[in-house]
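Report on the structure given below.
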Amino acid sequence: LLKRPNLEKIFYLMFLLQFFYAVMVIYTPIYLNQTIGLPWDQLGIIFTVMLIPFILIEYPAGYLADKYWGEKELLTIGLFIIIISLILIFLVETKSIIIWALLLFLTRIGASLLEIMSDTYFFKKINHNDIALINSYRSTRPLAYIFAPFIFGLILYIFPVHYVFLFLAAIVSTGLYFSLTLKDTK
């Protein structure tokens, strides 16, 4: 991996995505229910809408990356979408189910772009001899689920819960360097 800096960047971006998932899965329901005051039945609707981008975006994004743009550009767009939507989540205090569904839908547009482009890039750069790399790549999820609650537990010790989204936006923004310096497959 050390001899392949672009794969290091993809590993970091995948870890960042898994970190994002870990934080959002834990703190979004808590925040929306306990702080904003949305009931669980409305959260079910919001979370259903939130997951639609994974069905609608990943295949067309993969096609566009292969045919026209490459993974680098769509990775960067996905990161920007996640960052902007996290900042908006930090700022918005409405009880509107439509607003929250749209905001979380937006986060998953970015996440679906980041997910499919990271996987596409990774699997284009490896071959059948890279079993250890594949195993390591798949280990980013459990690592993220270990680090995220620990880090954000410390943050919540000092800040109110809605700051989780602002800190997460700052952490996700570190991925921009890696996506912008990635050597594209095109």
Side-chain angles (χ1 to χ4, degrees), residues 10-33 35-36 38-66 69 71-123 137-138 140-145 147-149 151-152 161-176 178-179:
I10 285 298
F11 266 76
Y12 181 76
L13 291 169
M14 180 52 76
F15 175 79
L16 207 56
L17 176 65
Q18 299 304 328
F19 192 88
F20 164 81
Y21 287 149
V23 172
M24 294 299 282
V25 163
I26 296 167
Y27 296 108
T28 303
I30 294 169
Y31 176 65
L32 292 178
N33 181 259
T35 303
I36 298 298
L38 295 174
W40 289 108
D41 61 331
Q42 289 183 354
L43 291 181
I45 295 166
I46 291 169
F47 294 156
T48 301
V49 170
M50 169 185 82
L51 296 174
I52 293 172
F54 292 104
I55 298 166
L56 299 179
I57 301 239
E58 288 190 356
Y59 180 78
Y63 177 79
L64 291 172
D66 288 343
W69 298 320
E71 295 84 11
K72 177 180 176 176
E73 294 78 9
L74 292 175
L75 276 167
T76 304
I77 290 168
L79 285 167
F80 271 118
I81 292 170
I82 292 171
I83 294 163
I84 290 166
S85 60
L86 286 170
I87 292 169
L88 289 172
I89 290 170
F90 171 74
L91 296 172
V92 170
E93 295 180 4
T94 184
K95 286 188 175 193
S96 169
I97 186 172
I98 294 170
I99 298 294
W100 284 110
L102 288 173
L103 282 173
L104 292 175
F105 183 85
L106 189 62
T107 64
R108 291 334 189 260
I109 289 173
S112 65
L113 286 172
L114 188 55
E115 183 174 287
I116 194 64
M117 293 303 111
S118 295
D119 283 349
T120 301
Y121 191 93
F122 177 76
F123 286 106
Y137 185 73
R138 294 295 175 216
T140 58
R141 177 176 300 192
L143 284 174
Y145 275 82
F147 286 109
I151 291 168
F152 280 90
V161 70
H162 71 286
Y163 277 86
V164 163
F165 304 105
L166 188 61
F167 279 99
L168 185 56
I171 291 168
V172 170
S173 70
T174 65
L176 290 172
F178 294 94
S179 72

To the nearest 0.5 angstrom, please state how far the [atom1] atom of [X] sits from the [atom2] atom of [Y].
| X | Y | atom1 | atom2 | answer |
| --- | --- | --- | --- | --- |
| L17 | F20 | CG | CZ | 7.5 Å |
| K72 | M117 | NZ | CE | 15.0 Å |
| Y163 | F152 | OH | CZ | 14.0 Å |
| I77 | L114 | CD1 | CG | 12.0 Å |
| L113 | I82 | CG | CD1 | 8.5 Å |
| Q18 | R138 | CD | CZ | 9.0 Å |

### Message
If you count heavy atoms of other groups shown closer than 6.0 angstrom to OH of Y145, is the number above 12?
### Response
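Yes.
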
Under 3.5 Å, which donor-acceptor pairs do the side chains of residues 21-28 form with other protein atoms, sequence neighbours left out?
{"from": "Y21", "atom 1": "OH", "to": "E115", "atom 2": "OE1", "distance (Å)": "2.8"}
{"from": "T28", "atom 1": "OG1", "to": "M24", "atom 2": "O", "distance (Å)": "2.9"}

### Task
Walk me through it: do E71 and D66 pass the test side-chain contact (heavy atoms from CB on, under 4.5 Å)?
CA-CA 8 Å; E71 295 84 11; D66 288 343; 4.0 Å; yes

### Task
Assess whether side-chain contact (heavy atoms from CB on, under 4.5 Å) is satisfied between L75 and I10, documenting all intermediate values.
CA-CA 10 Å; L75 276 167; I10 285 298; 4.0 Å; yes

Distance-only criterion, 3.5 Å: show the donor-acceptor pairs between side-chain atoms of residues 89-99 and protein atoms not counting sequence neighbours.
{"from": "T94", "atom 1": "OG1", "to": "S96", "atom 2": "N", "distance (Å)": "3.1"}
{"from": "S96", "atom 1": "OG", "to": "I98", "atom 2": "N", "distance (Å)": "3.4"}
{"from": "S96", "atom 1": "OG", "to": "I99", "atom 2": "N", "distance (Å)": "3.2"}

## Note on the structure
Residue set satisfying side chain to side chain contact (heavy atoms under 4.5 Å, CB included) with F178, at least two apart, ordered chain then number -> K9, Y12, L13

## Note on the structure
Residues at least two apart in sequence or cross-chain that pass side chain to side chain contact (heavy atoms under 4.5 Å, CB included) with I84, listed by chain then number, are L88

### N33 side chain near P29 side chain, heavy-atom distance below 4.5 Å
no

### Task
Report yes if the side chains of L166 and L86 come closer than 4.5 Å at any heavy-atom pair, otherwise no.
no

Which heavy atom in [X] sits nearest to a heavy atom in [Y], and how many Å separate them?
| X | Y | result |
| --- | --- | --- |
| L74 | A65 | CD1-CB, 3.9 Å |
| T107 | L104 | OG1-O, 2.6 Å |
| F19 | A148 | CE1-CA, 3.4 Å |

### Task
Let me see the working for L38 and W100 under side-chain contact (heavy atoms from CB on, under 4.5 Å), right down to the final yes or no.
CA-CA 10 Å; L38 295 174; W100 284 110; 3.8 Å; yes

### Query
Which residue pairs pass the side chain to side chain donor-acceptor pair (under 3.5 Å) test when at least one of the two sits in residues 75-91, sequence neighbours left out?
T76-S179

Side-chain donor-acceptor pairs of residues 42-63 under 3.5 Å, sequence neighbours excluded:
{"from": "T48", "atom 1": "OG1", "to": "G44", "atom 2": "O", "distance (Å)": "2.7"}

